[in-house]
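As structure tokens, the structure follows; a few thoughts come after it.
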Amino acid sequence: MLPSPPTIGLRLGLAAIVAALCGAAQAGRAPGVAAIAAAHPLAIAAGEEALGAGGNAFDAAVAISATLAVVEPYASGLGGGAFWLLHRAEDGRDVFIDARETAPGAARPDMYLDAQGKVVPGLSLDGPLAAGIPGEPAGLVHIAERYGRLPLARTLAPAIRIAEQGVPVHTRMQLGLRFRQSAARNSPAFMAVFYPGGEVPTPGALIRQPDLAKTLRRLAEQGFDGFYRGPTATRLVAGVRAAGGIWSAEDLASYKVIERDPVRGVYRGVTVISAPLPSAGGIGLVNMLNILDGFDLATLDGATRKHVVIEAMRRAYRDRALYLGDPAFSPPPIEQLLHPFYAAGQRASIRLDRATPSAALPAGPSDGSEGRDTTHFSVLDRDGNRVAGTLSINTWYGAAFMPPGTGVVLNNEMDDFTVREGVANWFELIGSTANIIEPGKRMLSSMSPTFLESERGVAILGTPGGSRIITMVLLAGLAWIDGADAETMVSLKRYHHQFLPDTVAYEEGALTAGEISQLEARGHKLSLSPRAFGNMNVVTWDYANGKVEAAMDPRGRAEGRVY
Ligand code: GLY
């Protein structure tokens, strides 16, 4: 066994742990230390275990992802999907691993509408009809086989162990169980695992997931076939169909991970590497930065700076609604959307003294804490390999449904499709026909695992937060470009605009009293959010001093979770 690399992990109560290895940064651009930032200490420990066993950042990513499925069952898991952005140090290759869910073969554009064409409330959110075909298990196998050094039996071991021994309920887990109690009543297997004795468990109570441990074992032993064929697949399909879902064995057996080229852009000398479709993240991020490139943000007063950032957000989200969806079904105008000339046109319509009403932009389709669902982690290993991983089952506890005998919580990611044109989804996003439901199609996402690279160094970032993910990554990215460290990036107060609703949502402290009155005077509608935005996890590496920093969002740390 190789000696354990020095690893930086975040522990509860620690804002960030900083390690410096002077001189190492310049030596072949390898940091010489490893760093992990993730939403749960057991996931970080699993990543450390993989690195300690001689694994690389990709092995750590597999171990972290699988463990998050067990310890954050409300946020991601084997019943959901994932995007991992990988950087391989030996050849400098960046690759985006798309393990997004797909619509089942029997899915139809009108499957969530009643006979009058109205959306049936809850149908795309609760129960097995809301679930896309999961991609995360295939993604874990893909990364292990193509990029890792360790067998899955090794990297999945911590997740299996924790699923068998139990995870103590923490506050987030409990809040989510309260929120999903009514939907969960339709799934006896889900109830049996998460509501012992039929009640919401108290913090500290142990939740054991023996069926999930068995499912993970089959995945570890048999790879793809251990989940998508054989006993696990049989139970998944039987459980889904018995409860009114439409999955087939063929849907699972034919699932494919897709390797994609990330979206790239350059802003003030910083290279942005981010998520391509079926995520709107990279296109939105680069488009917003292209718009902002025409302003000298550093010379603007706070209110004006925020005004132009909001106007860039508005325009990018308008295009998200209008054009974006799975590129295999409706090729979008990506080159146009990423082109600086296009951004220059968008910029020309921004007035410094006045908000642009969203309704005045060329026509689009007519008509929480946001960090409790989905999860993000960032990893850097001592050789300079990196992973930014954002994983999801969509909203809290996904569909609140578990096929009996699997331990797998199914996603409700079908709600990310345009269920009906002009009708907003859970995240108040609207969409066009580019994102309508079609068999085998991947629903449009906002998950934005991202790398920033410059002469200064590297930032690895991302966050949960539904539609707000892209703007959170933008604000953190702008801060890093201005010289901020990882802790500052995750702690920033956030604001957000997504075209419709035509409102700037903001966290307490994101806008000063003066900025509020100046933005309102320009015509912006402002809405103070009662909940925090996101749960960002960032790793940065500074070439000049070799400093590696890992930082976890204080919004996650502040919730007094019991581990
Ligand atoms: N389910 C949230 C997203 O993918 O954007």
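All ligand and atom numbering here is 1-based and tracks the order in the structure. Values below: every heavy atom of this structure, side chains too, minus hydrogens, waters and symmetry copies.
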Can you say whether the rings of Phe194 and Phe190 are parallel (under 30°), tilted (30 to 60°) or perpendicular (over 60°)? tilted
Counting heavy atoms under 4.0 Å, the part of Arg468 that contacts ligand 1 is neither
Using a 4.0 Å cutoff against the non-hydrogen atoms of Met447, which atoms of ligand 1 qualify? 3 (C), 4 (O), 5 (O)
Please work out which of the three classes, parallel, tilted or perpendicular, describes the rings of His142 and Tyr147, given edges at 30° and 60°. tilted
Asp416: heavy atom below 4.0 Å from ligand 1, yes or no? yes
Just by distance, with hydrogens left out, do Ser65 and Trp84 show a side-chain donor and acceptor under 3.5 Å apart? yes
for atom 4 (O) of ligand 1, nearest protein heavy atom and its distance come out as Ser445 OG, 2.6 Å
Aromatic plane relationship, His496 with Phe533 - under 30° parallel, 30 to 60° tilted, over 60° perpendicular: perpendicular
Which ligand 1 atoms does Arg100 reach within 4.0 Å, using its non-hydrogen atoms? 4 (O)
Tell me whether Lys441 is salt-bridged to Asp326, with the criterion being a basic N under 4.0 Å from an acidic carboxylate O. no
At a 4.0 Å threshold, what atoms of ligand 1 neighbour a non-hydrogen atom of Ser446? 3 (C), 4 (O), 5 (O)
Just checking, any donor-acceptor pair under 3.5 angstrom between side chains of Gln346 and Asn287? yes
How far is atom 1 (N) of ligand 1 from the closest protein heavy atom, and which atom is that? Glu413 OE2, 2.4 Å
